[in-house]
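Beneath this line is the structure, given in structure tokens, with notes to follow.
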Amino acid sequence: MSPVRRCSRTACGRPAVATLTYVYADSTAVLGPLATYAEPHCYDLCSEHSERLTAPRGWEVVRLAVDTGPARPSGDDLEALANAVREAARTPRRDPSAALPSDAVGGPDGRDSDPMEVARRGHLRVLKSPEP
């Protein structure tokens, strides 16, 4: 599945830039920036369909500021991603096959509170839980 949300209009494959929501109690259609998550009762629209939007007679259209340009990662997003990758590379990983020193035993009853890796298949791991 594509990470880019598409326009909700039939046969339109352009990327969505705005979200349309109806407020039936007020007879209002609200067109705003693309919502963070796709909601079942909202419609994602591309720039062309959001500009040409009309509402039924007697309804009001409220247009909130929408950036109709394609969404691109900001410098802050890229910097945060780079920092997360650097931090993950710095974090030391414990070798599950190595014996634990006596002072690494956790929990009040002296058992190891960290689960051990038993098997691995691709990116999935099977972990053994500590005895209750």
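Owing to the predicted nature of the structure, the values given are computational and were not obtained by experimental measurement.
The side-chain heavy atoms of L34 and V17, taken from C-beta on, include no pair separated by under 4.5 Å. For the pair S50/L20, no side-chain contact is recorded, criterion being any heavy-atom separation below 4.5 Å from C-beta on. Between L64 and V30 the shortest side-chain heavy-atom distance falls below 4.5 Å.
Closest non-hydrogen pair, T19 versus A35, comes out as OG1-N, 2.8 Å. Across P33 and A65, no two heavy atoms sit closer than the pair CG-O, 3.4 Å.
Applying the salt bridge (Lys or Arg N to Asp or Glu O under 4.0 Å) criterion to R52, with sequence neighbours excluded, gives E48.
Here the side chain of S8 pairs a donor or acceptor atom with the backbone of D44 at under 3.5 angstrom.
Expressed to the nearest 0.5 Å, how far CH2 of W59 lies from OG1 of T28 amounts to 7.5 Å. Going from atom OG of S27 over to atom OH of Y22 covers 12.0 Å, rounded to the nearest 0.5 Å. Remark: H41 NE2 to Y24 OH distance equals 9.0 Å, nearest 0.5 Å.
Considering R14, R6, R9, E51 as possible partners of L45, the one that fulfils the side chain to side chain contact (heavy atoms under 4.5 Å, CB included) test is R9.
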Determine whether R63 and L53 satisfy the following criterion, side chain to side chain contact (heavy atoms under 4.5 Å, CB included), listing intermediate values before the conclusion.
CA-CA 10 Å; R63 294 179 187 268; L53 175 75; 3.9 Å; yes
